[in-house]
S.K.: 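Okay, here's the structure, questions in a sec.
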Amino acid sequence: MNLFTALHRIRDEQDPSIAFDFSCRSAVCGSCGMLVNGKPRLACRTLTRDLPALIQLMPMPVFRLIRDLSVDTGVWFRGMNGRIESWLHEARPFDPTAPEERMDQATAEKVYDADRCIECGLCVAGCATAAMRPGFLGAAGLNRIGRFVLDPRDTRSAADFSVLSTGEGVFGCLGLLGCHDYCPKDLPLRERFAYLRRSLAWNLLGLGGRKR
Amino acid sequence: MTVDTRETDVLVIGGGLAGERCAVEAASRGRRVLVVSLVPPRRSHSCGAQGGMQAALGQVAKGYGDSPDIHFADTVRGADWGCDQDIVRRFVDLAPVAVRQMAAWGVPWNRVVPGRRTLPSGESVEERPEFAGLIAARDFGGTAKWRACHTADGTGHALLYALDGQVLRLGLEVLDRTEAVALIHDGGRCHGAVVRDLRTGALTACTARATVIATGGYGRLYGASTNAMINDGTGMVIALDTGVVALGNMEAVQFHPTALAPQNILITEGCRGDGGHLLDRSLHRFMPDYEPARAELASRDVVARRMTQHLRAGHGVEAPGGAHLWLDVRHLGRAHLETALREVTGICRTIAGLDPVTALIPVWPAQHYSMGGVRTDPDGRVPGLAGLYAAGEAACWDLHGFNRLGGNSLAETLVMGGITGSAVAADLEAPAAPPPAELAASCVGVQEDRIRRFASGTEGSECVHDLRRAMEGILLEHAGVFRTGAGLREAVDALADLAGRAARLGPRGGRTSAAGGADPETSAALRLPGQLRLAATIAAGALAREESRGSHFREDFPRRDDARWLVRTLATWEPGAQGPSLSYEPVRVTELPPGDRGYGEGSAGGVKRG
């Protein structure tokens, strides 16, 4: 049994008022993050058989609490995505009559690898900096910046994200890397941060890597 | 009475792909848009779409020579001629533009790698250098060409995040954790919706000159569905509850052949498109016996039926959750499974606890998609109520007829979302009178009264959870892959009985709501009566339709009957009535007259296993 099933049984059979968030059941929607015996986990992919008999569930920290296990991750992520302008900054307007811009498959895979983040918030809930510094972008925000820097169709380079070089960006990270361990999609977050620091250094030192 | 009120030009109900595409189109044409969504938009069920989006680009070897004409014929055959062909024509011509628009908005589509390669079937193909780096495609069921454009097997996620980026860019306001519980209308014009904040339970009247229903499907009405927990069908319910708007073809319900057993989680058709096989308990690959022409890649209705037939014949693998079949992708190899099918591989490993590189995947058919929905005109307008529109799975446009092809739903959300958004923007050019002053307040009052009566516990003590489980079981048993007149009659009666009991819902154990109006039991209690009406339209439509077409298979009427039933079912529900009123309208046949699908029980090419 996974925690998704267990919590629904509790709600159906014992306490119909208990609040928690679930949607897809398959770790793609990112709704069901919570602390399971102290660790941020997605309840849909956490099996009770892998846990001790006593399972303690708590709402994720950092995010605004709604009630019981329900926290407002959506509002947090909308704010973060707005700050980093989380949309493709394209070089030219779309021409519906033209074929698409070419991209090699290896690049497409690299971009998708960063795009796969489901914004569940486990990385933020497991981050010491995020707990102490309200404006910190978190691993999810840094990864999202990485996604646009990696994408040759986006005009922005690392240095164009002004927040990146501040304490709310990649230099706010204390290097504890709970994010890397807790990410349910196994995103290579540690490597992503290194890539961003390196890109930023090259950009700022004028050594290259600028898209324009 | 004073009520909390919001006013906008366009109210979009639903923050998935169809709703957001519509919102972006209307907003980029200068309209003020407000989106309400049950969940943050990026958590919408669109993100669960895996395998691909159909568009005739013809840029991969197995897709060379593809064209909108071939996409058209595949779609009409897939629909078993139950669709509107003028809609199909419009759709297939625009799908390639939609794919490229999403590329321009950042979707990292898989790309063509030039050179020779050997497919899992043993066939050798050469990808031509002139297409290198253009958008690639994979095979899907019921198609003559490889046409499903994809981002590994996370296509819905990639599309939704790119599109939601455009919503952010335009600065559109989105109210998440908000549910539309009723339309505000005067019988002739829709003026918006009463929405409920699921954080606090507060009701707001959102008045709008245009209201768009883009709430997706109703999969959770069924006891076994690949749909997300939020797919409660309430968007269709609020349309039906107006009494003046019709739902089209509600008996057309798609079952996906490969839901993970017993969790009912989607395992993409891309697994079979990329070369996976279905095996039975003897590890025999049985689909070629039934479907020599297309085997595992016949249309979904046919594969789901053949699997169910094979299970009924005792060829399933016995398991505690029920008998299932196997999906075998081992021969595709680790490298392929960990790239092109990485999301499904992850689901198998983390949720089923098996590794598809070395193990078979247990699968069975489960409810997946609603071809039926709010009947619209070709531009997404809903006949019967001016100012109301619908798009995507919630709508019956009618692209899919009685069976949707895999990959046509993602394409539909974007194509139809765009068309509807531009129709909304154009319609708003005409001046319109504001809604009557008391209308919004009285609509809110009706909902407040429902909430108060449930919370007071004076209506009765029926448990919403028990009734809901009963409904799910009835639909699954009687309105499933195979249907009979007797079973459907039983379903209609049992649902009517549940509707009577649903008038007497009360909080469990007589407790009064601890969390105000926002607790989940109150939300479920508000939804259930409408869901029972929706379930009844499905069962009644299926009982009346005495033929078999696409996903609607009547064992007592196993043939398609074009003389009587080449028509679309329209269901309306008079307020206070005990059941739906059914009427029929002709299906437009413009290019391809009814004929042989090329697969399935009715096909000359199909043979029956002895």
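Keep in mind that the numbers below use all heavy atoms, side chains included, and drop hydrogens, waters and symmetry copies. Order of the sequence lines sets the chain letters (A, B, ...), proteins ahead of strands, with each chain counted from 1.
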S.K.: Using non-hydrogen atoms only, which part of B:V174 is less than 4.5 Å away from chain A: side chain, backbone, both, or neither?
M.R.: side chain
S.K.: Is the shortest side-chain heavy-atom distance between A:W87 and B:L168 below 4.5 Å?
M.R.: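 Side chain of A:W87 against side chain of B:L168, heavy atoms only: contact under 4.5 Å found.
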S.K.: Heavy-atom cut-off 4.5 Å, strictly under: side chain, backbone, both or neither for B:A158 against chain A?
M.R.: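 It is both, since atoms from each part get that close.
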S.K.: Is there a side-chain contact between B:R177 and A:D72, using heavy atoms and a 4.5 Å cut-off?
M.R.: yes
S.K.: What is the distance from atom OG of A:S31 to atom CE of B:M229, rounded to the nearest 0.5 Å?
M.R.: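 With rounding to 0.5 Å, OG (A:S31) is 11.0 Å from CE (B:M229).
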S.K.: So which heavy atom on A:C24 is nearest to which on B:A228, and how close?
M.R.: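 Looking at all heavy atoms of both residues, the shortest contact is CA-CB, 3.9 Å.
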S.K.: Which bit of B:P108 comes within less than 4.5 Å of chain A, counting heavy atoms only: side chain, backbone, both or neither?
M.R.: both
S.K.: What closest approach, in Å, do A:G74 and B:D176 show between heavy atoms, and which atom pair accounts for it?
M.R.: CA-OD2, 4.1 Å
S.K.: Rounded at 0.5 Å granularity, tell me how far CG in A:D113 sits from OG1 in B:T339.
M.R.: 11.0 Å
S.K.: Spell out, as yes or no, whether a donor-acceptor pair under 3.5 Å connects the side chain of B:R100 to the backbone of A:P99.
M.R.: no
S.K.: Measuring heavy-atom distances to chain B, does A:K110 have an atom under 4.5 Å in its side chain, in its backbone, in both, or in neither?
M.R.: neither
S.K.: Between the main-chain N or O of B:N227 and the side-chain N or O of A:R25, is there a donor-acceptor pair closer than 3.5 Å?
M.R.: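 It does hold such a pair.
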S.K.: Please tell me if the side chains of A:D12 and B:R469 come closer than 4.5 Å, counting only heavy atoms from C-beta onward.
M.R.: yes
S.K.: Please lay out, stage by stage, how A:M103 and B:W109 fare under the test side-chain contact (heavy atoms from CB on, under 4.5 Å).
M.R.: CA-CA 9 Å; A:M103 180 187 278; B:W109 295 110; over 6 Å; no
S.K.: Using only heavy-atom distances, determine whether the side chains of A:E100 and B:Q59 contain a donor-acceptor pair under 3.5 Å.
M.R.: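 A pair is found: one side chain offers a donor N or O, the other an acceptor, under 3.5 Å apart.
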S.K.: As an exercise, state the distance from CZ of A:R67 to CG of B:D519, rounded to the nearest 0.5 Å.
M.R.: 6.5 Å
S.K.: Go through the atoms of B:S225 and report whether side chain, backbone, both or neither lie under 4.5 Å from a heavy atom of chain A.
M.R.: backbone
S.K.: For B:D232, give me all partners under side chain to side chain contact (heavy atoms under 4.5 Å, CB included), at least two apart in sequence or on another chain.
M.R.: B:R220, B:T234, B:R468, B:R527, B:Q531
S.K.: Would you give the length of the straight line joining atom CD of B:E521 to atom OG of A:S17, rounded to the nearest 0.5 angstrom?
M.R.: 8.0 Å
S.K.: Using heavy-atom distances under 4.5 Å, tell me whether B:N110 contacts chain A through its side chain, its backbone, both, or neither.
M.R.: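 Both parts, backbone and side chain.
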S.K.: Which heavy-atom pair separates A:P96 from B:V97 by the least distance, and what is that distance?
M.R.: CB-CG1, 3.8 Å
S.K.: Does any N or O in the side chain of B:R43 come within less than 3.5 Å of the main-chain N or O of A:I118, such that one atom is a donor and the other an acceptor?
M.R.: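 Between the backbone of A:I118 and the side chain of B:R43 there is a qualifying donor-acceptor contact (under 3.5 Å).
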S.K.: What part of B:V113 lies closer than 4.5 angstrom to a heavy atom of chain A: side chain, backbone, both or neither?
M.R.: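 Side chain only.
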S.K.: Do B:D164 and A:R78 have side chains that approach each other closer than 4.5 Å (heavy atoms only, starting at C-beta)?
M.R.: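 B:D164 vs A:R78: side chains touch.
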S.K.: Flag the pair B:E343 / A:K185 as yes when at least one side-chain heavy-atom distance between them is below 4.5 Å, and no otherwise.
M.R.: yes
S.K.: What residue in B:L134, B:N231, B:L57 has the most heavy-atom pairs under 4.5 Å with chain A?
M.R.: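 Going by pairs under 4.5 Å, I would pick B:L134.
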S.K.: Please round to the nearest 0.5 Å and tell me the distance separating atom CD1 of B:I351 and atom CZ of A:F4.
M.R.: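 The CD1 atom of B:I351 sits 9.5 Å away from the CZ atom of A:F4.
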